[in-house]
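Below: one structure, written as structure tokens.
Note that these values count all heavy atoms, side chains included, but never hydrogens, waters or copies made by symmetry. Throughout, protein chains are lettered first and strands after them, A, B, ... in sequence-line order, and every chain is numbered starting at 1.
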Amino acid sequence: MLAGSETGGDNKSMSDAPPQTPASRSLDALYKRIILEHNRSPRNARLPDGYQASARGFDALCGDDIRVAVCLEGEKLQETGFEGEACAVTTASASLMTEWVRGRRIDQVLDGARRFRRVLDNPDQPDDPQLGELNQLRSVSAFPSRVRNALLPWKTLEAALAGKDEVNSVTKEPNP
Amino acid sequence: MLAGSETGGDNKSMSDAPPQTPASRSLDALYKRIILEHNRSPRNARLPDGYQASARGFDALCGDDIRVAVCLEGEKLQETGFEGEACAVTTASASLMTEWVRGRRIDQVLDGARRFRRVLDNPDQPDDPQLGELNQLRSVSAFPSRVRNALLPWKTLEAALAGKDEVNSVTKEPNP
Amino acid sequence: MSEALVNPEPGTAPTGRLDVDRVRQDFPVLSRQVHGKPLVYLDNAATAQRPLAVIESMDRFYREYNANVHRGVHQLSVEASEAFEKARRTMAGFINAPSHREIIFTRGTTEAINLVAQSAFRPSLKPGDEILITRMEHHSNIVPWQILCEQTGAVLRVAPINSAGELLVDDLAGMITERTRLIGIVHVSNALGTINPVREVCRLARRHDIPVLVDGAQATPHLEVDVQDLDCDFYCLSAHKMYGPTGIGLLWARESLLEAMPPWQGGGEMISRVSFSGTVYNELPHKFEAGTPNIAGAIGMAAAAEYLQSLGLPAVAAHEQELLDYATGKMEQVEGLKIIGTAEGKGPVIAFTLDGIHPNDLGTIIDHYGVALRTGHHCAMPVMEFFDVAATARISFGLYNTRAEVDVFLDALERARKMLD
Amino acid sequence: MSEALVNPEPGTAPTGRLDVDRVRQDFPVLSRQVHGKPLVYLDNAATAQRPLAVIESMDRFYREYNANVHRGVHQLSVEASEAFEKARRTMAGFINAPSHREIIFTRGTTEAINLVAQSAFRPSLKPGDEILITRMEHHSNIVPWQILCEQTGAVLRVAPINSAGELLVDDLAGMITERTRLIGIVHVSNALGTINPVREVCRLARRHDIPVLVDGAQATPHLEVDVQDLDCDFYCLSAHKMYGPTGIGLLWARESLLEAMPPWQGGGEMISRVSFSGTVYNELPHKFEAGTPNIAGAIGMAAAAEYLQSLGLPAVAAHEQELLDYATGKMEQVEGLKIIGTAEGKGPVIAFTLDGIHPNDLGTIIDHYGVALRTGHHCAMPVMEFFDVAATARISFGLYNTRAEVDVFLDALERARKMLD
Ligand SMILES: Cc1ncc(COP(=O)(O)O)c(C=O)c1O
Ligand SMILES: Cc1ncc(COP(=O)(O)O)c(C=O)c1O
Ligand code: FES
Ligand code: FES
């Protein structure tokens, strides 16, 4: 990890406060411990046996290509896993997501996806307590070109839950 | 006719010297007596009876549309006439052309067309003695958007002599 | 007229009137001399002049954050992408499009219409299908359909106009058949000035489930355009007609139509995945934007839209209508002058002929007094044919023109007449 | 290297070397800071920066003589038309085209290739006919042919490359059949840097009477291009890659080919006469330039060509090759770094991967040190597939880059590695 003094104009260290201004677009904030850790040792980085739903998530711009698969028990996501090659942001997001959704109902998961999008879109809002550790990914919102990456696992999961098991491009932004 | 003082920066009057610089782009020089006179009373402004060759000359940019027709006696242009609606420049040029070509051989006429093009392209050159009154049209060269117009009758005549009796667009510039 | 206007804007006086002296300062070219005379630019329908806000927006892009869009993680690319997509949203707002995903950047109106013809219609058109346009279309809204008809065996049908240059809507209605696949109509005619009853034509078409393409090239500089209110299906415009840069314009179309249309051009940006076994196209709007776009152009176009919005289009229109009325009144008194296009509702365009004087000669002489006007067929030859003229002269007003400039023009007209008479 | 160069030019020192400190002054953006660090722009293959000469040429157009071209008698229109057609002649000279009538302005390389596919080939291609391209093409030179093949039943064939990223010319030769209708080849690969033996391929093709289309997008910023010497049939380029503006580029093609091709888009400028009973197309080059062109763009592109000519492309190339050699040598020593594309002859492009670090993360971190590089598939997915990588990072040099900038990049690379390791 770089010392704050080496990262340019701002000396913001690894606090949890999300960056608020372009000047605070700190690398440290993006590659904070939690992202690095989840990138190095991603949780659920395999497709669970006997999954009922899965989808492929593809990013047209960077070529990343992941698959997310879910074992359902009724309305509940029993186990969720992912595979594929992806950047640290996508990998950490997928890792955190698969942890967060475990045992939650489909409607709760879809609500979680909505909340996650909202916090990434609005750096000025406070953390969403419902999202727990996922709030750690809010540092991504200071890097507009990477927000897509953090959302990719969620979009892919949504596709899987919607029964689209071959989703070729999930870069589509929600309508304004 | 406007007094020189009303025509802008330059007070060049109706001398025969062709305009040499943009500043001398005198309206008077363009609409000199001879053009106005030939526009008002164009010579040969009808197609001669029993012509053997004719072509239509069309200007894609301004919509002008003329026809030139020729009575040949062997290699000689016995009589040449034109009709159609056109601007003063085109009309005067057609009028002067039909006078100039009368009684000349085809090869002389084609040579005349080449010479006429050359003097219109090079305002710096002296008059071409072969062209006689046609040199009067050189004032057009100071008005780049109108050079085409002065050439239209010639292009149409060339087309007619080349046996193209339906030439739809004759705005084609000679190759560089 | 101006009393009805509220919400004064910058460049708009407290009365809601356009402060013309002030807006003229925004246009550097207006201080230019031509043949030793101040430029009087009355060729706005061909292309408008550009305000500083537009010139500087592009300058800033090139000097400060020039980069390719969409594909980069680096800062310049992020800034360029944001500005480019912000421009798309601005343009969506400008014509009140429901979504920015429906805004496809093109080189201009012409490319937009060609895109629709080739992508939306060429694959499905059958011999005998009909495309219905009007007699007053610009070549841009004729030739793409002629080409399409030749390619598919479809038939181009043409709704008539009257001698005032007005569309005969009832005749158009009568020409609708069950083979009609599209109605193409110019919003404001560049050759006549006529403002067409587009909303009415759309209502008519909707009843028969026929899509309507509107050529808005001459509308957006003068009118507040609301594609949802018009209820049309395709709307095309060019930035350079509305004080923006050259080389950029747009196609707006309903999302459902765009989704169903195959891509037209292939290349970078418009694909999701390419392999030799098969290629997957990208989503809207990128599916239709192959290759590096005109980034500076899009930014400049949005700056032009914002400039117009800051002045307020109602104030702009009121000012231009005043000029139109004044000039029309004066010109009607000129002997031998005939105005071509006398519709009830008109944009600020006056086309005319003058007995015994060819428009090109008129243009050359008038230019000598610093007045820029256009002569020729105005890329609307069928209109010329209808009025049985080879060409007309045309003056067209922009937001910076003044009564004094109209007087300069009238004076030059008189001189031209004397010179050639 | 530089010793061999003669004829010093402005911006070129008496030794024939490029005076980089001086040319950097020509590019306003280079004085910019990114994240508090001086910008190090190494994304030139995506788009180059623009010198003042280019920015100001367009500025001047908009401020002084902005008008529509071709159709006007007034002074501004005359000046604009002259500048626009002069730009065409300048570009003809830049690639040594035999005639300016063979220069068709397009939005860029992508549009140029689509024009060729749709106009020159779509009408005549038969099922089973073959288009032969290479494995290292940019999507712009793949997708238009895929679309065309789908439309006509023709077949796209792909000549292989080796692990250095070099075209296997013999294999290409072996793939020529009597059904081959076109060979499409990139002059300089944006994904690998490879300079292809275009002259050799053209000689080969000529023997079989097969036309060759060359994608010159990455060539014209670095090489002196002479289409007559190459003996190709179509050449495409984009201004924005060669220090010119966005939204403009060109297609060059042999006059005889252009004459035989039907127009692609319909609209204003490209017609000679329009009536509902039939339309007559205009001559070259106008037949292919429907609608108001990107006038400012054409002027800016010509200014870019003149700028490059004033520096001298040999001096530019020598400087860039020095940077390429220096950076390549250093990068080969970085542990875990693999250069993708190690052809004998290369343009100033280095694509690479770094073990265990995703290119996008690398890009984000390196950006933080002011260094702009590109990451991703570089619109050449088949190349990625061939090298079995999802993406690469890529640095690419322009004439204003320096060794010191390469060092900043190398330093940032090291820091990224430490951060993510
Ligand atoms: C080799 C190559 N060909 C074609 C293109 C496409 O050029 P443009 O996007 O300007 O149409 C590019 C650039 O993106 C390129 O690098
Ligand atoms: C009514 C109308 N439609 C279409 C066009 C074509 O626009 P562009 O040349 O910008 O494509 C024009 C302008 O020339 C126009 O006036
Ligand atoms: S870099 Fe593309 S999704 Fe991670
Ligand atoms: S004005 Fe067109 S040829 Fe005379």
Inset, instruction - Identify the residue among B/Asp64, B/Asn149, B/Asp59 that makes a side chain to side chain contact (heavy atoms under 4.5 Å, CB included) with C/Asn360. - result: B/Asn149
Inset, instruction - Find the distance between NE2 (C/His368) and CZ (B/Phe143) and round it off to the nearest 0.5 Å. - result: 6.0 Å
Inset, instruction - Check the side chains of B/Asn39 and C/His358 for a donor-acceptor pair under 3.5 angstrom, ignoring hydrogens and angles. - result: no
Inset, instruction - Heavy-atom distances under 4.5 Å only: say whether C/Met381 touches chain B with side chain, backbone, both or neither. - result: side chain
Inset, instruction - Count the heavy atoms of every other residue, nucleotide or ligand shown that sit under 6.0 Å from CD of B/Glu85, and state whether that count exceeds 12. - result: no
Legend entry - Side chain / backbone / both / neither for B/Ile35 at chain C, heavy atoms under 4.5 Å: neither
Inset, instruction - Verify the neighbour count for atom CD of C/Glu150: are there more than 12 heavy atoms of other residues, nucleotides or ligands below 6.0 Å? - result: no
Inset, instruction - For each of C/Leu420, C/Val389, C/Thr364, tally heavy-atom pairs with chain B at distances under 4.5 Å, and name the one with the top tally. - result: C/Thr364
Legend entry - Any donor-acceptor pair under 3.5 Å from C/Asp361 side chain to B/Cys87 backbone: no
Legend entry - Distance-minimising heavy-atom pair for C/Met419 and B/Arg40: O-NH2, 3.9 Å
